[in-house]
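What follows is a set of notes on a single structure, which appears directly below.
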Amino acid sequence: MIVNTNASLLPYNTFGIAAKADYIIEYDSVADLQKVLQAEYVKSNRILPLGSGSNLLFLNDFKGVVLHSVIRTIATIKEDEDSVYLEVGSGVVWDDFVAYCVENELGGVENLSNIPGETGASAVQNIGAYGVEVKDVIEQVNTVEARSTIERTFSNSECEYDYRESIFKKGLKAKYIVTSVVFKLAKKPTFKLNYSKLEEEVLKNGAVNLQTVRNTIIAIRQSKLPDTTNLGNAGSFFMNPVVSKQHFHELEVHYPQIPHYFVSETEEKVPAGWLIEQCGWKGKNIANAGVHDKQALVLVNRGGATGAEIVFLAEQIQLSVKDKFGIGLHPEVNYIE
Ligand code: EPU
């Protein structure tokens, strides 16, 4: 266990916000975490479990205890004719796990290549890209209850997964701390390439296999999304909004090119990046906060931005999208007070 007091959160948030936390504690096993949680100063403080901080925004210094997993084991726990079940420590860097699966010819997570963050957070956030969400391959999530320190396993259905949503973000927020995730991976991969022009792009790189899909997705992401080491950001800042079919048809009359995805007989999803670009925000800045010039859904720290500056920009964008399209945008990034 490593405990740092009055510590900088700069290495713990990809937005590059220079906030501080009263305590930052790293633990490397379930037993270590249980010991941490039994300490009086931890019990009497607010806790914030985090991964690499790639999906959050610190609005202020954090008054409380930040808990970071460095449990970094990958183990095969079961195997049958079609699948391999891997238990992956919450501190394993997400993309290292994806690379491991691709190298070992296990299918299921290749479309989620190059997403920043760690494995524990992936199961909290239900990360998704290119037609796949991590919930599609999660078998179970192993946790420790913060208050009692008792271990508890959540089955996939108990996690109540939805688009960028889970029970760990709602009712059980900060109540259970993820220690490892069990994934069910396919020995004979079935590829999901129907997102936009993905299949076409993959075929340009060779035959369809796990490695070409991974390479293609890495190239697409690198062409659109800024590298957090050069330009602070947290990926998509807002969720893609879902609108009624009726609202969508009204918009389509004015904007025949509007991109959209089928959700149900009554609803359509519209890309927030497109809405933001139509409002003229792409590449714009307010103070030290900006809108990325290649993907308008990504807000960036132009250097020395505070959480408040990013939020101010986000609010201006929300107002103009509401005004022009009548659509409310909701942050995907978690605001931490
Ligand atoms: N678009 C624009 N202008 C922009 C950005 C996008 O017109 O500035 C249009 C694109 O042309 C395209 C559509 O919007 O027609 C969708 O764009 P893109 O494929 O880039 O995906 P997205 O909907 O903006 C979502 C996820 C991403 C994920 C990609 C690929 C959310 C909130 N975001 O973005 O996830 O990588 O799809 O599957 O669902 C993240 O969550 O941090 C993230 C990066």
Side-chain angles (χ1 to χ4, degrees), residues 13-15 51-57 94-95 98 109-118 121-136 161-166 169 192-202 213-214 216-228 231-243 248 251-252 255-263 268-284 290-300 314 317-318 320-321 324-325 327-334:
N13 79 103
T14 59
F15 244 122
S52 54
S54 55
N55 204 54
L56 52 77
L57 180 64
W94 172 257
D95 198 53
V98 176
V109 287
E110 59 284 355
N111 286 30
L112 304 177
S113 287
N114 202 225
I115 295 182
E118 294 170 5
S122 76
V124 172
Q125 178 65 10
N126 187 22
I127 59 171
Y130 307 100
V132 173
E133 288 181 315
V134 77
K135 74 166 173 56
D136 304 337
Y161 282 124
D162 206 340
Y163 172 56
R164 301 295 194 274
E165 192 62 272
S166 75
K169 285 181 74 180
K192 287 197 184 153
L193 302 175
N194 46 2
Y195 183 91
S196 188
K197 296 194 179 98
L198 182 58
E199 183 159 21
E200 215 175 295
E201 291 299 314
V202 171
V213 172
R214 173 166 165 78
T216 306
I217 283 173
I218 291 175
I220 296 173
R221 291 184 69 91
Q222 286 178 344
S223 71
K224 287 190 189 176
L225 300 169
D227 180 350
T228 53
L231 193 59
N233 75 90
S236 299
F237 194 90
F238 299 103
M239 291 196 262
N240 284 334
V242 171
V243 299
F248 174 73
L251 293 171
E252 213 179 12
Y255 308 96
Q257 308 300 328
I258 185 169
H260 57 104
Y261 311 103
F262 175 86
V263 175
E268 288 286 317
K269 192 180 268 187
V270 179
W274 184 87
L275 298 169
I276 297 168
E277 180 171 354
Q278 294 297 309
C279 291
W281 281 105
K282 205 170 188 172
K284 293 275 163 62
V291 180
H292 187 48
D293 50 4
K294 297 199 188 99
Q295 218 310 2
L297 191 50
V298 179
L299 302 193
V300 297
I317 292 171
Q318 285 169 309
S320 49
V321 169
K324 191 172 170 82
F325 297 104
I327 296 177
L329 291 184
H330 301 287
E332 192 213 330
V333 165
N334 300 303

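Counting starts at 1 for both ligands and their atoms, following the listed order.
- Taking a cut-off of under 4.0 Å to the non-hydrogen atoms of F238, the atoms of ligand 1 that pass are 32 (C).
- Look at R221 and you'll find a heavy atom under 4.0 Å from some atom of ligand 1.
- Residue E277 has at least one N or O atom closer than 3.5 Å to an N or O atom of ligand 1.
- Rounded to the nearest 0.5 angstrom, W274 CH2 and H260 NE2 are separated by 10.5 Å.
- Here P259 has side-chain heavy atoms under 4.0 Å from ligand 1, and that is the only part of it that gets that close.
- Inter-residue side-chain proximity for L198 and N111 is flagged as met; some heavy-atom pair is nearer than 4.5 Å.
- Residue contacts with ligand 1: L225 is placed with no nitrogen or oxygen under 3.5 Å of a nitrogen or oxygen of the ligand (distance criterion only).
- In this structure, W281 does not count as a contact residue of ligand 1, since none of its heavy atoms falls inside 4.0 Å of the ligand.
- Of all atoms in ligand 1, numbered sequentially from 1 with element shown, those under 4.0 Å from a heavy atom of E332 are 32 (C), 40 (C), 41 (O), 42 (O).
- Of all atoms in ligand 1, numbered sequentially from 1 with element shown, those under 4.0 Å from a heavy atom of G235 are 42 (O).
- Under the 4.0 angstrom criterion, atom 37 (O) of ligand 1 counts as having a protein heavy-atom contact.
- The only member of E332, R164, E133 that meets side-chain hydrogen bond (donor to acceptor under 3.5 Å, both in side chains) when paired with Q125 is E332.
- Proximity of R164 to ligand 1 is established by a heavy-atom distance of less than 4.0 Å.
- Considering both main-chain and side-chain atoms, Y261 never comes within under 3.5 Å of ligand 1 through any nitrogen or oxygen pair.
- Put simply, the residue from L297, L329, V270 that forms a side-chain contact (heavy atoms from CB on, under 4.5 Å) with N240 is L297.
- Between K282 and E277 there is a salt bridge, with a side-chain nitrogen of the basic residue lying less than 4.0 Å from a carboxylate oxygen of the acidic one.
- Atoms CD and NZ, on E165 and K135 in that order, are 13.0 Å from each other to the nearest 0.5 Å.
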